[in-house]
Amino acid sequence: MRPFKYTHVNTVQSATQLVSTHSNAKFLAGGTNILDLMKEDVERPDELLDITFLKVADIKMITEGPNKGGVSLGALSNNTETANHELIRLNHPLLTQAILAGASAQIRNMATNGGNLMQRTRCPYFYDVDMPCNKRVPGSGCGAMEGINRMHAIFGWSSKCIAVYPSDMAVALAVLDATVQVANSKGQQRRIAFTDFHRLPGENPEKDNNLLPGELITAIELPPNKFASHSYYLKVRDRASYAFALVSVAAGLELNGNNIVQAKIALGGVAHKPWRALRAEELLKGKEATEANFQAAAEAEMNQAKPLEYNRFKVELGKRAIVRALDMAMNNGSK
Amino acid sequence: MNQENENPDLTEDEKKLFKDLMPEDLKEIMDTGFSRRHFLKLISIAGTGVLASHLLGAEQLLARPLAQPSLNELTTAQVENGVRVSFKVNGFNKNLLVDSRMTLLDTVRERMELTGAKKGCDHGQCGACTMIVDGKRILSCLTLAASCEGKSVTTIEGIANGTDLHPIQAAFIKHDSFQCGYCTPGQICSAVALLAEAKNGEVSYVTDQVNVPKKPLQLSENEIRERMSGNICRCGAYPNIVAAIREVQSGKSVEQKWNFAG
Ligand SMILES: Cc1cc2nc3c(=O)[nH]c(=O)nc-3n(C[C@H](O)[C@H](O)[C@H](O)COP(=O)(O)OP(=O)(O)OC[C@H]3O[C@@H](n4cnc5c(N)ncnc54)[C@H](O)[C@@H]3O)c2cc1C
Ligand code: SF4
Ligand code: FES
Ligand code: FES
C-alpha cells in the first residue's frame, strides 16, 4: 500500500472542507472497499479522512421521518444495524433481505450505508492494474469488452465500459424510491432521487455516480411503501452465500385482492446501476397477479437486453428470476 | 519457542495446567525446580492420545502471552505517517505509534505478539482474521489500527476465561471441528459473536420471516451455515464446525461424529 496521511474528522463541515481542498484525499468509512482497493493499488489516495468519528448523532442512526411512516438511514450506520432495525424489518423488509444477501456478517458489521452506495465495481479488469480499463484510467480502453465478460452488463452499457454495479442494498433502494441526502463544504444540503444517484457509463465510466467532488452522503431517506407484506429480494450467484450476484431481483407488489395496483421491480448484476424494470412494471399495472402475467412482464423486460459474448445466460436467468421473485413476493417472502 | 528460556520457572497458569494433567507428579516437579523448557518439551512429546483434548487446551494456553509483552516502540522519526492510537486488546490497554497503513491484524500479530488471528487472504474474503471489536465480529485485515482509537478488541487469545475454555472452544474440540487449524481462530471468534447475534434476535438472509419484532432465535443448521459463510475452511471441516456451534447454540448435546482410534 502507498503511504497516506490518516486524519480523524469530527464535523461534516471539516470533512467536506478537507476533501474539497486536499485534492487527493478520500473518506474512510467501514474501509471494506477502499482499503481492499488500496492494497490492490487501484485506489491511491494520499490522505484518508476517517468519518467514523464524526460527532453528529443522526449520521450514525436510523430515525423515523422526515415524513410520517418514512425512515432516515444515517450514512454511517452500518449495514447490520440497518438491516436489523425494527423500523426497517417491519416496514421495509425488502431492504433487510437485500442487505443480508450481501457479503458476510463480519463485512456487514463494518460496511456503512454511505460506503455501500459508493463501492466500486468488481470487474476483474478494473481490479488488475496491468489491464486497460477506462474506469480506472480514462482513455486506456476496456479490457472486459473483448475479454471474459461473463459477470458483465446486459443493459445500458457503452462502448467505453460494460461493468456492473455490485451492491445488493442499492437494488432494494431503487424500488423503495429512496432519496440520498448530501452535504457540501459550503454547508448546503442537496437531495438526489435514488434512481438518479448512480449513472450509466456513457462516455465517462470513471464516474460511478452523480455525487459532486467535495460532497458527503449524510443520509438515505425512505418514504412509506405499500408493499411491505408483498416483497422479496432474490439473489442468484455462483455459490449459495458470500458471492456477488449474477442476477438479483428486488420486487414489491402493491395489491388490491389479487389485482396489482402497482409493481416495483429492480434488477442487480445486469447494469452499471440498479436497473428499474419499468417495462415489466408498466405491463403488470392493473393486471391480475398470475403466473402468466408475471411471465409476460419478465419476457418484455428481458427481451430488451443486449448481452455480450459470455453473458447470454443472464437473459434467460433474469426472466426466471423475475418470475420467481414475484411469486415469492405474493407469498410474503415466505420460502 | 526459545530453547534458552529466559523465564525458567513455571507460571501460575502452567502450574495449574500441570496439576490438572499430572496431579501425581506435581509435588516432585515443584520440589525439584522443574524448568519451563522441560515442561514445554513434555507437552509436545505427549502428542496425541487420551489427553488430546486437554492438550488442545494447553496449546491455547501456551499460545497466550505469558506476561503482557512490551510493545517494541517506534519513534516518530521511524514512521512516515505515524498515528498514535490507544485501544484495548483482550482487556489490556495498548498505546502505540503505528504506520497509518498498518491493519489491525498486522498490528496485533507483529507488535503485540498475539499470533492467534491468521492472515488468509488479506482481502476480506476468508474470515481467518476475524476479531471481535466492541462486541461485533469484524475483519481485522480490512481495519486500520489507526481507526481503533478507544475501541475494545478481543482476539482468539482473549476468548477463554483464564484456563476455562469458552463453550464454543470446548465444542470445537469435542466435535473435531478442524484439520489444519488455520481457519479455526477466525471460526471460533465468528461463532462466539454469532451466539450473541442470535440471542439479540438478528435475522439472516435465510430466516423465513424478517418482518417480525426481534426475539431470541434458535438456529437451524441452514441458518448456522449462512451465518458462518464469511469463514472459509479449506480443509472442509464444515459439518463438524456446524455441529459444534449447533450444540452450544441450542444448549442440547449434538452427537459427536468421531472417536479416538484405540
Ligand atoms: C469479500 C467481500 C464480499 C462482498 N460481497 C458483497 C455482496 O455480496 N454484496 C454487496 O452489496 N456488497 C458486497 N461487498 C461490498 C461491501 O458491501 C462494501 O465494501 C461496503 O458496503 C462498503 O462500505 P464501507 O463503509 O466499508 O466503505 P469504505 O470502503 O469505507 O468506502 C468506500 C467508498 O465510499 C466513500 N464513502 C464512504 N462513506 C461515504 C459518505 N458518507 N459520503 C461519501 N463518500 C463516502 C469512500 O471515500 C470510498 O471511496 C463485499 C465486500 C467484500 C470485501
Ligand atoms: S468493463 Fe468498465 S470497469 Fe471493466 S475493464 Fe471495462 S472499463 Fe474497466
Ligand atoms: S485475512 Fe482477513 S478475510 Fe482473509
Ligand atoms: S481446518 Fe484447515 S482451513 Fe479450516
Side-chain angles (χ1 to χ4, degrees), chain A residues 1-8 28 30-36 38-40 46-48 50 52-53 78 80-81 83-86 88-110 168 228-229 231 233 235 239-243 332-335, chain B residues 79-83 85 98-103 121-127 129-147 149-150 186 189-190 193-194 197 200-214 222 225-232:
Chain A
M1 212 189 279
R2 290 168 196 248
F4 62 88
K5 188 166 172 252
Y6 171 90
T7 312
H8 278 184
L28 171 71
T32 58
N33 191 226
I34 194 160
L35 293 176
D36 185 28
M38 284 166 71
K39 289 182 184 187
E40 297 283 4
D46 54 23
E47 181 172 13
L48 282 184
D50 190 339
T52 61
F53 290 87
N78 68 48
T80 302
E81 63 201 20
N84 264 293
H85 198 286
E86 287 201 352
I88 307 300
R89 268 170 57 167
L90 298 177
N91 305 328
H92 306 276
L94 178 64
L95 182 60
T96 299
Q97 284 176 329
I99 292 175
L100 296 177
S104 66
Q106 289 95 314
I107 294 172
R108 293 189 299 266
N109 281 340
M110 304 165 74
D168 288 296
S229 54
S231 65
Y233 186 73
K235 181 171 178 180
R239 59 180 184 206
S241 188
Y242 203 22
N332 190 11
S334 213
K335 288 167 218 175
Chain B
V79 199
E80 191 180 339
N81 287 294
V83 182
V85 60
V98 291
D99 183 311
S100 61
R101 291 171 291 182
M102 283 287 270
T103 60
C121 65
D122 213 21
H123 286 282
Q125 297 173 357
C126 75
C129 65
T130 304
M131 294 181 189
I132 300 177
V133 174
D134 290 346
K136 306 286 177 197
R137 46 176 159 162
I138 56 97
L139 299 177
S140 60
C141 72
L142 291 181
T143 303
L144 291 180
S147 71
E149 179 63 38
C189 287
S190 201
L194 172 154
E197 292 160 11
N200 189 27
E202 292 180 18
V203 290
S204 83
Y205 183 61
V206 302
T207 308
D208 227 354
Q209 288 282 295
V210 304
N211 51 345
V212 290
K214 281 191 188 181
N222 194 27
R225 284 183 179 275
E226 163 63 25
R227 288 165 192 252
M228 290 298 290
S229 65
N231 292 84
I232 310 290

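Chain A is the first sequence line, chain B the second, and so forth, proteins listed ahead of strands; every chain is numbered from 1. None of these values were measured; they are calculated from a predicted model.
- Summarising the geometry, atom CG belonging to A:N109 is positioned 11.0 Å from atom CG belonging to B:D134; distances are rounded to the nearest 0.5 Å.
- Neither the backbone nor the side chain of A:I99 comes within less than 4.5 Å of any heavy atom of chain B.
- Looking at B:S100, its side chain does come within 3.5 Å of a backbone N or O of A:F4 through a donor-acceptor pair.
- Minimum interatomic distance between A:P3 and B:N81 (heavy atoms only, all atoms of both residues): CB-ND2, 3.7 Å.
- Contacts between B:V83 and chain A at a heavy-atom distance below 4.5 Å involve the side chain alone, from C-beta outward.
- Pairing each heavy atom of A:S104 with each of B:G230, the nearest pair is CB-CA, 3.5 Å.
- In this structure, the side chain to side chain contact (heavy atoms under 4.5 Å, CB included) partners of B:N200, at least two apart in sequence or on a different chain, are B:E202, B:K214.
- Residue contact with chain A, scored on non-hydrogen atoms closer than 4.5 Å, involves the backbone and the side chain of B:L144 alike.
- Heavy atoms of B:E197 lying under 4.5 Å from chain A belong exclusively to its side chain.
- Taking chain A as the reference chain and counting heavy-atom pairs below 4.5 Å, the highest number among B:R227, B:R225, B:E149 is found for B:E149.
- Tested against B:R101, the residues A:R2, A:M38, A:M1 include a single side-chain contact (heavy atoms from CB on, under 4.5 Å) partner, A:M1.
- A donor-acceptor pair is defined here as one N or O able to donate and one able to accept, closer than 3.5 Å; no such pair exists between the side chain of B:R137 and the backbone of A:Q106.
- When all heavy atoms are compared, the tightest approach of B:V212 to A:R89 is O-NH2, 2.9 Å.
- A:A83 does not touch chain B: none of its heavy atoms, backbone or side chain, sits under 4.5 Å away.
- Interface check for chain A: of the options B:G150, B:G124, B:G127, B:A193, the most heavy-atom pairs under 4.5 Å are formed by B:G124.
- Applying the side chain to side chain contact (heavy atoms under 4.5 Å, CB included) rule to A:D36 yields the partners A:E40, A:R122, A:Y127, B:H123, B:L142; only residues at least two apart in sequence or on another chain are considered.
- Neither the backbone nor the side chain of B:V133 comes within contact range of chain A, judged by heavy atoms closer than 4.5 Å.
- At a 4.5 Å heavy-atom cutoff, the contact between B:D122 and chain A is made by backbone and side-chain atoms alike.
- Rounding to the nearest 0.5 angstrom, the gap separating the CE atom in A:M110 from the OG1 atom in B:T143 is 3.0 Å.
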Report task. Using the side-chain contact (heavy atoms from CB on, under 4.5 Å) rule, take A:T32 and B:L139 through it: C-alpha gap first, then chi angles, then the decisive distance, then the call. Result -> CA-CA 9 Å; A:T32 58; B:L139 299 177; over 6 Å; no

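- Across every non-hydrogen atom of B:Y205 and A:Y233, the tightest pair is OH-O, 3.0 Å.
- For B:T103, the part lying near chain A is the side chain, with the backbone staying farther off; criterion is any non-hydrogen pair under 4.5 Å.
- With chain B as the partner, the residue from A:I88, A:L35, A:D50, A:N84 showing the most heavy-atom pairs under 4.5 Å is A:N84.
- Here the shortest heavy-atom pairing between B:V210 and A:P93 reads CG2-CB, 3.6 Å.
- Ranking A:H8, A:H92, A:K39 against chain B, the residue ahead of the rest is A:K39, based on heavy-atom pairs under 4.5 Å.
- Summarising the geometry, atom CD1 belonging to B:I138 is positioned 12.0 Å from atom OG1 belonging to A:T80; distances are rounded to the nearest 0.5 Å.
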